[in-house]
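All remarks here apply to the structure that follows.
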Amino acid sequence: VQLQASGGGLVQAGGSLRLSCVVSGLTFSSSTTVAWFRQGPGKEREFVAAMFRNTGRGYYADSVKGRFTISRDNAKNTMYLQMSSLTPEDTAVYYCAASTSLILSSMKSRSAYTYWGQGTLVTVSS
């Protein structure tokens, strides 16, 4: 299974970016949960957003709620993270992740995800 994240880059504060993550070797099914995590300079990797199984409902960290939107296209085996109103605090390497056996209570935990992408760097300048 491979996850390939892309879409990162340099953006000014207040700007927007859309991250994509193409998943190969794993077919998105109703039991597949997808998520985005990020790791800022000198920080632990933290939960950003997830879509639990095929519910269509996004769950978000408080720090990004209202600014970020997670989505998925099952036909393309791809997940997305639309980010807007970016601030320098959003600067981080963003990782996509997936799991086929995750339960709702563990959705925000890194250890609950089996598959990880390589990360894409987002830099927000002030």
Side-chain angles (χ1 to χ4, degrees):
V1 177
Q2 290 189 330
L3 283 70
Q4 182 69 43
S6 62
L10 175 64
V11 63
Q12 288 190 330
S16 299
L17 277 177
R18 188 177 83 152
L19 306 183
S20 301
C21 179
V22 179
V23 180
S24 58
L26 172 68
T27 300
F28 279 12
S29 70
S30 59
S31 64
T32 305
T33 296
V34 296
W36 291 91
F37 287 74
R38 68 184 181 186
Q39 187 165 11
K43 298 181 180 180
E44 297 280 324
R45 191 173 300 188
E46 63 177 1
F47 171 80
V48 175
M51 185 169 284
F52 179 66
R53 298 186 180 175
N54 214 21
T55 60
R57 177 182 173 181
Y59 295 80
Y60 301 93
D62 288 342
S63 59
V64 307
K65 203 171 291 184
R67 300 187 298 121
F68 290 12
T69 302
I70 187 172
S71 61
R72 61 194 274 174
D73 186 331
N74 290 343
K76 295 182 178 179
N77 255 33
T78 302
M79 66 180 88
Y80 305 95
L81 185 68
Q82 178 67 47
M83 307 184 294
S84 60
S85 301
L86 286 162
T87 74
E89 288 67 39
D90 295 316
T91 294
V93 177
Y94 283 72
Y95 298 89
C96 52
S99 172
T100 58
S101 58
L102 182 146
I103 60 175
L104 185 60
S105 61
S106 62
M107 184 178 53
K108 298 182 180 181
S109 172
R110 289 176 294 173
S111 62
Y113 292 86
T114 307
Y115 309 107
W116 289 86
Q118 84 290 358
T120 185
L121 177 62
V122 173
T123 303
V124 184
S125 64
S126 57

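These figures come from a predicted structure and were not determined experimentally. Computed over heavy atoms, backbone and side chain alike; hydrogens, waters and symmetry mates excluded. Residue numbers count from 1 along this sequence.
The hydrophobic cluster containing Tyr95 does not contain Val64, counting ILVMFWY residues as joined when their side-chain heavy atoms lie under 4.5 angstrom apart, directly or transitively. In the hydrophobic clustering of this structure, Met51 groups with Met79; members are Ile, Leu, Val, Met, Phe, Trp, Tyr whose side-chain heavy atoms approach within less than 4.5 Å, directly or through other members. When the side chains of ILVMFWY residues are joined at heavy-atom separations under 4.5 Å, either directly or via intervening members, Leu102 and Leu104 end up in a single hydrophobic cluster. Hydrophobic clustering keeps Tyr115 apart from Val22 (ILVMFWY residues linked when any side-chain heavy atoms are closer than 4.5 Å, directly or through intermediates). Under the 4.5 Å side-chain heavy-atom criterion for ILVMFWY residues, a single connected hydrophobic cluster contains both Leu3 and Tyr94.
Here the side chain of Asn77 pairs a donor or acceptor atom with the backbone of Val23 at under 3.5 angstrom. With Ser106 contributing its side chain and Ile103 its backbone, the two residues share a donor-acceptor pair below 3.5 Å. Using a distance-only test at 3.5 Å, with no hydrogens or angles considered, a donor-acceptor pair links the side chain of Thr91 to the main chain of Val124.
Rounded to the nearest 0.5 Å, atoms CZ (Phe37) and CH2 (Trp116) are 4.5 Å apart. Rounded to the nearest 0.5 angstrom, Leu121 CG and Gln39 CD are separated by 11.5 Å. From Glu46, atom CD reaches atom NZ of Lys108 across 11.5 Å, with rounding to the nearest 0.5 Å. Within the model, atoms CG of Leu86 and CZ of Phe68 stand 5.0 Å from one another, a figure rounded to the nearest 0.5 Å. Atom CD of residue Gln118 and atom OG of residue Ser6 lie 8.0 Å apart, to the nearest 0.5 angstrom. For the atom pair CZ (Arg18) and OG1 (Thr69), the distance works out to 11.5 Å, reported to the nearest 0.5 Å.
The two residues Ser85 and Ser16 come nearest to each other via the heavy atoms N-OG, 4.4 Å. Between Ser99 and Ala112 the shortest heavy-atom distance is OG-O, 3.4 Å. When all heavy atoms of Tyr60 and Lys65 are compared, the closest pair comes out as O-CE, 3.7 Å. Between Ala35 and Ala50 the shortest heavy-atom distance is CB-CB, 3.8 Å.
Looking only at side-chain heavy atoms (C-beta outward), Met83 and Arg67 stay at 4.5 Å or farther from each other. Under the 4.5 Å side-chain criterion, counting only non-hydrogen atoms from C-beta, Phe28 is not in contact with Arg53. Between Trp36 and Leu19 the shortest side-chain heavy-atom distance falls below 4.5 Å.
Atom CD of Gln2 sits in a sparse spot, with 12 or fewer heavy atoms from other residues, nucleotides or ligands closer than 6.0 Å.
Looking at Val93, Asp90, Val122, Leu81 one by one, the single match for side-chain contact (heavy atoms from CB on, under 4.5 Å) with Arg38 turns out to be Asp90. Paired with Arg72 under the rule side-chain contact (heavy atoms from CB on, under 4.5 Å), one option of Thr32, Thr33, Thr78 passes, and it is Thr32.
In the model, Ser29 has a side-chain atom that pairs as donor or acceptor with a side-chain atom of Ser31 under 3.5 Å.
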